[in-house]
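Everything quoted here is computed from the prediction, not taken from an experiment.
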Amino acid sequence: MSSSSPAERTLVLIKPDAVRRGLVGEVISRFERKGLRIDAMVSRTMAPALADEHYAEHVDKPFYPPLKDFMTGGPLVALVLSGDQVIDVVRGLVGSTDGRRAAAGTIRGDFSLSNRENLVHASDSTDSAKREIALWFPELD
Ligand code: CMP
């Protein structure tokens with residue numbers, strides 16, 4: 001490879017609804033088939049304090065208490081993906097927040113009917129990717 005800069009990274013959470021519904025393999029295979037690389041992956045249940053940090057920009061919003069209950073209510077799968085423009089590419093594969101409105105062909109568009117239980121979280125910018133990767137995978141920094 002002639003590229004001198006390391007590939008961009010993003011943080012993805014395969015949320016408790018996807019784990020409960022047996023969709024982990026389906027979601028991961030979409031990322032793999034796209035050509036993205038899995039740099040780290042772990043199954044764990046999000047502690048309440050980590051939820052408050054991860055969703056710091058949302059803690060005062062009315063939808064946060066039920067979101068926190070949902071996100072801490074069962075195991076999820078956290079992964080770091082890398083590849084060319086991975087942040088935008090993954091957001092395209094995941095689809096818009098509300099599964100009822102997400103385009104068919106996206107993960108949310110194909111499998112979610114909710115704007116809370118929307119299967120996947122993906123970092124929305126280079127700054128949030130850096131912050132979120134440090135929260136979930138401090139050893140990667
Ligand atoms: P996520 O990409 O993880 O970022 C914030 C999460 O909050 C979002 O996905 C949804 O799960 C949830 N969310 C965002 N907006 C709403 C809303 N209006 N009502 C309920 N949940 C929401």
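- Between Val59 and Ala56 the shortest heavy-atom distance is CG2-O, 3.3 Å.
- Expressed to the nearest 0.5 Å, how far CD1 of Ile133 lies from CD of Glu139 amounts to 11.0 Å.
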query: Does the pair Val19 and Asp17 meet the rule for a side-chain contact (heavy atoms from CB on, under 4.5 Å), with working shown?
result: CA-CA 5 Å; Val19 175; Asp17 56 332; over 6 Å; no
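- Distance CZ/Arg101 to OG/Ser96: 9.0 Å, rounded to 0.5 Å.
- By the criterion of side-chain heavy atoms lying less than 4.5 angstrom apart, applied directly or through intervening Ile, Leu, Val, Met, Phe, Trp or Tyr residues, Leu135 is not grouped with Met41; the two fall into different hydrophobic clusters.
- In this structure, the separation between NE2 on His121 and OG1 on Thr97 is 10.5 Å, given to the nearest 0.5 Å.
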Under 3.5 Å, side-chain donor or acceptor atoms of residues 62-88 against the rest of the protein: list the pairs with distances, not counting sequence neighbours.
unit_1, atom_1, unit_2, atom_2, d
Tyr64, OH, Ala51, O, 3.2
Tyr64, OH, Asp52, N, 3.3
Tyr64, OH, Asp52, OD1, 2.7
Lys68, NZ, Asp52, OD1, 3.1
Lys68, NZ, Asp52, OD2, 3.3
Thr72, OG1, Lys68, O, 2.7
Ser82, OG, Asp39, OD1, 3.3
Ser82, OG, Asp39, OD2, 3.0

- request: Check the pair Asp98 / Arg100 against salt bridge (charged side-chain N to carboxylate O under 4.0 Å, His left out), numbers first and verdict last.
  value: CA-CA 5 Å; Asp98 188 335; Arg100 295 164 297 194; 2.9 Å; yes
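- Atom CG of Asp127 and atom NZ of Lys130 lie 9.0 Å apart (nearest 0.5 Å).
- By the criterion of side-chain heavy atoms lying less than 4.5 angstrom apart, applied directly or through intervening Ile, Leu, Val, Met, Phe, Trp or Tyr residues, Leu36 is not grouped with Leu11; the two fall into different hydrophobic clusters.
- Of the possible polar contacts, one joining the Arg131 side chain to the His54 backbone as a donor-acceptor pair under 3.5 Å is found.
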task: Would you sort out whether Ile28 and Ile38 count as a side-chain contact (heavy atoms from CB on, under 4.5 Å), showing the intermediate values?
output: CA-CA 9 Å; Ile28 290 175; Ile38 300 171; 3.8 Å; yes
query: Going through the distances and angles, do Phe31 and Val90 end up as a side-chain contact (heavy atoms from CB on, under 4.5 Å)?
result: CA-CA 8 Å; Phe31 298 138; Val90 167; 4.0 Å; yes
Exercise answer: donor-acceptor pairs, residues 106-117 side-chain atoms, under 3.5 Å, sequence neighbours excluded:
unit_1, atom_1, unit_2, atom_2, d
Thr106, OG1, Ala103, O, 2.6
Thr106, OG1, Gly109, N, 2.9
Arg108, NE, Asn118, O, 3.1
Arg108, NH1, Gly95, O, 2.9
Arg108, NH2, Val120, O, 2.6
Asp110, OD1, Gly105, N, 2.7
Asp110, OD2, Arg30, NH1, 3.3
Asp110, OD2, Arg30, NH2, 3.0
Ser112, OG, Ser114, N, 3.2
Ser112, OG, Ser114, O, 3.2
Ser112, OG, Glu117, O, 3.0
Ser114, OG, Arg116, N, 3.0
Ser114, OG, Glu117, N, 2.8

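- The hydrophobic clustering, which links ILVMFWY residues whose side-chain heavy atoms are closer than 4.5 Å, places Trp136 and Tyr55 together.
- Under the 4.5 Å side-chain heavy-atom criterion for ILVMFWY residues, no single connected hydrophobic cluster contains both Leu13 and Leu93.
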